[in-house]
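In what follows, a structure is listed as structure tokens, so that the remarks can point back to it.
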Amino acid sequence: MPFSLHFSPTPLITAPSPLSKPFFLVPYYHTLHAPKSPLCSSMEHALTHQGKQEAFDLRPEDSQTLPLGLRRDAMPSHVAVIMDGNRRWARLRDLPVRSGYEAGVESLRKIVEICCKWGIKVLSVFAFSSDNWFRPKVEVEFLMSLFERGMQEDTGIFFRENIRISVIGDLTKLPKALQELMVNLEEATKNNTRFQLIVAVSYSGHYDVVQACQRLALKAKCGLIEPSDINVSLMEQELETNCTEFPHPDLLIRTSGEFRISNFMLWQLAYTELFFAQSLWPDFGEAEFLKALLAFQQRQRRYGV
Ligand SMILES: CC(C)=CCC/C(C)=C/CC/C(C)=C/COP(=O)(O)OP(=O)(O)O
């Protein structure tokens, strides 16, 4: 099934975009000491053709218009989502599991578009947990191919819409081509400023805290810091969310009626507001997202004070 984000062809880009100098990608190929990867050719394709043009519904004025009752001054900067319920969605319809994941990608695209429209700066999604490696091999392989396909097909949109992609997690476990694709996409979009999508793959909160501790221990061993220097700020510099200027989600949404955080961003969620939706992720759309944001805007955040 082809994917498409439905963005306006009208450039909404306010900051300088890599689109203005597509050849910046060329030196990057060389730093990888590798022939052009599939991503690189897909990027070239996207840059040449400027992405898909067939169906768009976002206009510049949309970014000024919020649904009734939603306040721009109380919008969360960073929303995190546990996209749960894709397989159940498929099973309820007698469809193969992969259709559930594909429908989940479409849902993600819708939410990304809404975030851009409503002025949310960062969206983090739990796309594949460290524990998901223990799922059936065929399912894991399908998910890997879905990440590859999804990212390749939307490359043009990321450039045109000024979207930065970051990937967090233990990427060393991913297929080599996917690792390369993700690293390339992160590098190529790192100066995009309108919106940042953080994709957590092969990720867990435990993994993140442990890798941060290992990095600090190494710095201490090398004499760069003293163990007594270690504090919240130094820890946060080593967590994988150091890729964003908003490392702490303001709001966490989990779909599918489950009430747990399942080892997602354990450190970063310390003061996050939680919202649990009944819908399965493929059914989670604008109306439910709005409900979550309205609930968030009514919360009083006291940070223990
Ligand atoms: C390109 C890109 C970032 C794609 C994201 C694709 C996507 C929706 C991934 C979710 C994967 C996942 C393991 C969800 C958990 O719900 P589940 O499917 O295990 O649901 P269940 O609780 O019904 O079993």
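First listed ligand is number 1; within each ligand, the first listed atom is number 1. Note: hydrogens, waters and symmetry copies are ignored here, and every other heavy atom, side chains too, is used.
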- prompt: Using 30° and 60° as the class limits, which term best fits the ring planes of W281 and F284: parallel, tilted or perpendicular?
  reply: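 Geometry flag for F284 against W281: parallel rings.
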field: Any side-chain donor near an acceptor of the partner, T193 and N162, under 3.5 Å
entry: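 Short answer, yes.
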What I want to find out is whether [X] reaches [Y] closely enough, with some N-O distance under 4.0 Å, to be called a salt bridge.
X	Y	result
K190	E186	no
R87	E139	yes
E102	R149	yes

field: Per-ligand residue contacts, ligand 1, heavy-atom threshold under 4.0 Å
entry: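 Protein residues near ligand 1 are M83, D84, G85, N86, R87, R88, Y101, G104, V105, L108, A127, N132, R135, F147, V199.
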field: Intermediate values then yes/no, side-chain contact (heavy atoms from CB on, under 4.5 Å), F142 and R135
entry: CA-CA 11 Å; F142 181 76; R135 291 192 173 192; over 6 Å; no
